**Student:** 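Before I ask anything, here is the structure I am working with.
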Amino acid sequence: MTASGTTPPPPGRRRVAVAGVALSDCGRVDTATPYALHAQAARRALADSGLDRSLVDGLASAGLGTLAPVEVAEYLGLRPTWVDSTSVGGATWEVMAAHAADAIAAGRANVVLLVYGSTARADIKARRRTANLSFGARGPLQFEVPYGHTLVAKYAMAARRHMHEYGTTLEQLAGVAVRARENAALNPEAMFRTPVTVDEVLGGPMIADPFTKLHCCIRSDGGCAVLLVAEEYVPDTRKAPVWVLGTGEHTSHTTMSEWADFTVSPAAVSGRLAFERAGVTPADVDVAEIYDAFTYMTLVTVEDLGFCAKGEGGAYLADGSAVPVNTDGGGLSACHPGMRGLFLLVEAVRQLRGEAPGRQVRRPDGSLPELAVASGTGGWFCSSGTVVLGRT
């Protein structure tokens, strides 16, 4: 039954909408557990949608507990009949959104909650955990770990290859961090809002050549939630829908020796699929939310999504006519508690709704954006998920 009491139509290819989005408390959250952040974000997303919790029949969650999403469902008081615990790093949430949209379209679920929460920063501060420089030494990784090839080193090596092959400069990479901070300065929910300069980025402590500290994402606490619904529930929601128009997912490699080209990310495939399925092109997109654990990720992803040609990402992003990217400040400045992909979807929806005061993107005629893309990346460019969203 829908909230208005009508019976959903027989299973078929239904349209899928985002009905609710929300963040939990983010940034520095010392007194909450990850479960509490999950619950806070879920309650806020449901309130944003105007739908009752009893309608939720699907749950997607990863990164918490031994039996995610079973433990999260229990904590939230949900008994879903459709679940997803796909875990592919930062791309997890775009991939989960694709799975959920397919399930709803096919009639296997009606209202699916995607929810995430992490106290990564607070845990380190309280010595409950240490920083994770490596994903371990099991399986294929055993051939790389003995040589000190950490997560950040893999991204750094890929960035160096792009610099060698296309002439990308340190200043262009630093500019990505500068613009992320400029966006964060307009976002009251961002963790770091003080402007930085290219010289400050370049002069910071070296983490992994060529990345200094400000080339790397921040570590924060925080959570968020996104509610996807079948089209017949839209009349009962509080706000105008944002429609899921197309999705794509792709995995590339685990070991660096199996990565055919360090200058090409899996977004080259997931993006192409998402745009084709949505029936649009990158030129149609008004705003892009891109996973940015490191500055190089933003640069290479805009190339692979098709906003510019391969090798031109640095110059493109420096151009004032580039598509607005990471309008909330991204993982480099706003919030990055671990797997940031779900935050990309929240910001994309807020932009399409016109709910981003101070940083709201407008089309040349002053109207709200019509199309947004959210593209998440997992591991060290191991996986990618891309979602195209639209107001119509």
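For the single chain, residues carry numbers from 1 onward in sequence order. Nothing here was measured: the structure is a model prediction, and the numbers come from that model.
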**Student:** Can a donor-acceptor pair be found, under 3.5 Å and without considering hydrogens, that links the side chain of Arg340 to the backbone of Tyr291?
**Tutor:**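 No, because the side chain of Arg340 does not come within donor-acceptor range (under 3.5 Å) of the backbone of Tyr291.
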**Student:** Can Val112 and Trp82 be said to form a side-chain contact (heavy atoms from CB on, under 4.5 Å), step by step?
**Tutor:** CA-CA 8 Å; Val112 177; Trp82 181 92; 3.6 Å; yes
**Student:** Nearest 0.5 angstrom please: Glu370 CD to Leu389 CG, how far?
**Tutor:**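 Output value for this atom pair is 12.5 Å.
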**Student:** Could you tell me which non-hydrogen atom of Val198 sits nearest to which non-hydrogen atom of Ala174, and how far apart they are?
**Tutor:**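 Minimum heavy-atom separation between Val198 and Ala174: CG1-CB, 3.9 Å.
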**Student:** side-chain contact (heavy atoms from CB on, under 4.5 Å), that's the test. Do Leu299 and Tyr166 meet it? Break it down for me.
**Tutor:** CA-CA 12 Å; Leu299 185 149; Tyr166 296 107; over 6 Å; no
**Student:** Under 3.5 Å, side chain of Asn183 to main-chain N/O of Asp328, donor-acceptor pair present?
**Tutor:**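 No; judged by distance alone, with no hydrogens or angles, the pair does not exist.
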**Student:** With heavy-atom distances below 4.5 Å as the criterion, would you say the side chains of Val21 and Cys224 are in contact?
**Tutor:**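 No. Closest side-chain heavy atoms not under 4.5 Å.
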**Student:** Any sub-3.5 Å donor-acceptor pair from Ser383's side-chain atoms to Val88's backbone N or O?
**Tutor:**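 Side chain of Ser383 to backbone of Val88: a pair is present.
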**Student:** Are side-chain heavy atoms of Arg350 and Leu23 found at a separation under 4.5 Å?
**Tutor:**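 When only atoms from C-beta onward are counted, Leu23 and Arg350 do touch, with a gap below 4.5 Å.
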**Student:** Between His215 and Thr295, do the side chains contain a donor N or O and an acceptor N or O under 3.5 Å apart?
**Tutor:**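 Short answer, yes.
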**Student:** Within a reach of under 6.0 Å around CD of Glu355, are more than 12 heavy atoms found that belong to other residues, nucleotides or ligands?
**Tutor:**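 Result for CD/Glu355: enclosed.
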**Student:** Which atoms form the tightest heavy-atom contact between Leu51 and Leu227, and what is the distance?
**Tutor:**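 Here Leu51 and Leu227 meet closest at CD1-CD2, 4.2 Å.
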**Student:** Does any N or O in the side chain of Asp30 come within less than 3.5 Å of the main-chain N or O of Ala122, such that one atom is a donor and the other an acceptor?
**Tutor:**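 A pair under 3.5 Å: no.
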**Student:** Run Asp286 and Arg362 through salt bridge (charged side-chain N to carboxylate O under 4.0 Å, His left out) and show every step you take.
**Tutor:** CA-CA 8 Å; Asp286 300 305; Arg362 296 279 178 178; over 6 Å; no
**Student:** Quick check: do Leu46 and Val56 have side-chain heavy atoms less than 4.5 Å from each other?
**Tutor:**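 When only atoms from C-beta onward are counted, Val56 and Leu46 do touch, with a gap below 4.5 Å.
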**Student:** Under 3.5 Å, is there a donor-acceptor pair between the side chain of Gln142 and the main chain of Gly139?
**Tutor:**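 Flag set: sc Gln142 to bb Gly139 pair under 3.5 Å.
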**Student:** Do Arg179 and Asn326 meet the criterion of a side-chain donor-acceptor pair at a distance under 3.5 Å?
**Tutor:**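 No.
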**Student:** Under 6.0 Å from the ring centre and within 45 degrees of the ring axis: does the NZ or CZ of Arg28 meet both conditions for the six-membered ring of Phe192?
**Tutor:**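 Here Arg28 passes the 6.0 Å and 45° test against Phe192.
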**Student:** Donor-acceptor pair, Ser265 side chain versus Thr301 backbone, under 3.5 Å?
**Tutor:**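 Such a contact is absent between Ser265 side chain and Thr301 backbone.
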**Student:** Is the distance from the ring center of His38 to that of Tyr75 below 6.0 Å?
**Tutor:**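 No, they do not, as the ring centres are separated by 6.0 Å or more.
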**Student:** Would you say CZ of Arg363 has more than 12 non-hydrogen atoms from neighbouring residues, nucleotides or ligands within 6.0 angstrom?
**Tutor:**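 It does: Arg363 CZ has more than 12 such atoms within range.
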**Student:** Taking the six-membered ring for Trp, are the ring centroids of Phe211 and Phe294 within less than 6.0 Å of each other?
**Tutor:**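 Between Phe294 and Phe211, which both carry aromatic rings, the centre distance is below 6.0 Å.
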**Student:** What distance separates Glu249 CD from Thr92 OG1, expressed to the nearest 0.5 Å?
**Tutor:**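 Between atom CD of Glu249 and atom OG1 of Thr92 there are 11.0 Å.
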**Student:** Set out, in order, the CA-CA distance, both residues' side-chain angles and the distance that settles side-chain hydrogen bond (donor to acceptor under 3.5 Å, both in side chains) for Asp199 and Thr197, then state yes or no.
**Tutor:** CA-CA 5 Å; Asp199 287 342; Thr197 66; 5.3 Å; no
**Student:** Donor-acceptor pair, distance only, cut-off 3.5 Å: does the side chain of Arg53 make one with the backbone of Leu76?
**Tutor:**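 A pair under 3.5 Å: yes.
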**Student:** Find out whether Cys26 and Met191 are in side-chain contact, i.e. whether some heavy atom of one side chain is under 4.5 Å from a heavy atom of the other.
**Tutor:**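 No, side chains not in contact.
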**Student:** Say you draw a straight line from CD of Glu94 to OG1 of Thr377; how long is it, rounded to the nearest 0.5 Å?
**Tutor:**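 Here the rounded value is 8.5 Å.
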**Student:** Do side-chain atoms of Tyr233 reach the backbone of Val111 as a donor and acceptor pair under 3.5 angstrom?
**Tutor:**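 The answer is no, because no donor-acceptor pair under 3.5 Å joins these two groups.
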**Student:** Hey, are Ser333 and Arg181 close enough side-chain-wise for a donor-acceptor pair under 3.5 Å?
**Tutor:**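 Ser333 and Arg181 do have a side-chain donor-acceptor pair below 3.5 Å.
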**Student:** I'd like to know whether CZ of Arg127 has more than 12 heavy-atom contacts from other residues, nucleotides or ligands below 6.0 angstrom.
**Tutor:**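 12 or below, so no.
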**Student:** Classify the side-chain pair Ser367/Asp365 by whether it contains a donor and acceptor separated by less than 3.5 Å.
**Tutor:**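 Per modelled atom types, Ser367 and Asp365 side chains form a pair under 3.5 Å.
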**Student:** Would you compute the distance between atom CG of Leu228 and atom CG of Asn110 and round it to the nearest 0.5 angstrom?
**Tutor:**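 Result: 12.0 Å between the selected atoms.
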**Student:** Any side-chain to backbone donor/acceptor pair from Ser24 onto Gly223? Under 3.5 Å, distance only.
**Tutor:**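 Yes, because the side chain of Ser24 sits within donor-acceptor range (under 3.5 Å) of the backbone of Gly223.
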**Student:** Closest heavy-atom contact between Val95 and Gly385?
**Tutor:**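 Where Val95 meets Gly385 most closely, the heavy atoms are CG2-CA, 4.1 Å.
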**Student:** For Thr392 and Leu245, work out which heavy atoms get closest and say how close.
**Tutor:**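 The pair with the smallest heavy-atom distance is O-CD2, 3.7 Å.
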**Student:** Does any non-hydrogen side-chain atom of Val201 lie less than 4.5 Å from one of Glu171?
**Tutor:**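 A side-chain contact under 4.5 Å is absent here.
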**Student:** Return the minimal non-hydrogen interatomic distance between Pro241 and Ala17, and the atom names on each side.
**Tutor:**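 Heavy atoms of Pro241 and Ala17 come nearest at CB-CB, 3.8 Å.
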**Student:** Decide yes or no for Ser384 and Ser375: does some side-chain heavy atom of the first lie under 4.5 Å from some side-chain heavy atom of the second?
**Tutor:**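 In contact.
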**Student:** When you check the side-chain N and O atoms of Thr327 and Glu289, is any donor under 3.5 Å from an acceptor?
**Tutor:**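 Side-chain D/A pair, Thr327 to Glu289: present.
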**Student:** Could you check whether Glu303 and Tyr316, counting side-chain N and O atoms only, form a donor-acceptor pair closer than 3.5 Å?
**Tutor:**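 No pair is found: no donor N or O on one side chain lies under 3.5 Å from an acceptor on the other.
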**Student:** Can Val16 be reached from Leu114 by stepping across I, L, V, M, F, W or Y side chains whose heavy atoms are under 4.5 Å apart?
**Tutor:**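 They do share one cluster, since a chain of ILVMFWY contacts under 4.5 Å joins Leu114 to Val16.
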**Student:** What's the spacing between Asp52 CG and Asp236 CG if we round to 0.5 Å?
**Tutor:**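 These two atoms lie 11.5 Å from each other.
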**Student:** Hey, does Leu368 have a side-chain heavy atom less than 4.5 Å from the side chain of Leu352?
**Tutor:**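 No, too far: nothing below the 4.5 Å cut-off.
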**Student:** Is it true that a side-chain atom of Glu258 and a backbone atom of His253 form a donor plus acceptor pair closer than 3.5 Å?
**Tutor:**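 Answer holds: no.
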**Student:** Does the gap between the ring centers of Phe381 and Phe262 come in under 6.0 Å?
**Tutor:**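 No, ring centres 6.0 Å or more apart.
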**Student:** State, without any angle test, whether Asp284 and Thr281 hold a side-chain donor-acceptor pair at a distance under 3.5 Å.
**Tutor:**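 Yes.
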**Student:** Measure the NE2-CZ distance between His336 and Arg219 for me, rounded to the nearest 0.5 Å.
**Tutor:**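 One gets 9.0 Å once the value is rounded to the nearest 0.5 Å.
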**Student:** To check you understand the geometry: which heavy-atom pair defines the closest contact between Pro266 and Ser252, and what is its length?
**Tutor:**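 Result for this residue pair: CB-CB, 4.1 Å.
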**Student:** Answer yes or no: is there a side-chain heavy-atom contact under 4.5 Å between Thr386 and Phe275?
**Tutor:**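 Answer no - side chains too far apart.
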**Student:** One pair to check against salt bridge (charged side-chain N to carboxylate O under 4.0 Å, His left out): Arg272 and Asp304. What are the steps and the verdict?
**Tutor:** CA-CA 9 Å; Arg272 174 179 56 78; Asp304 292 333; over 6 Å; no
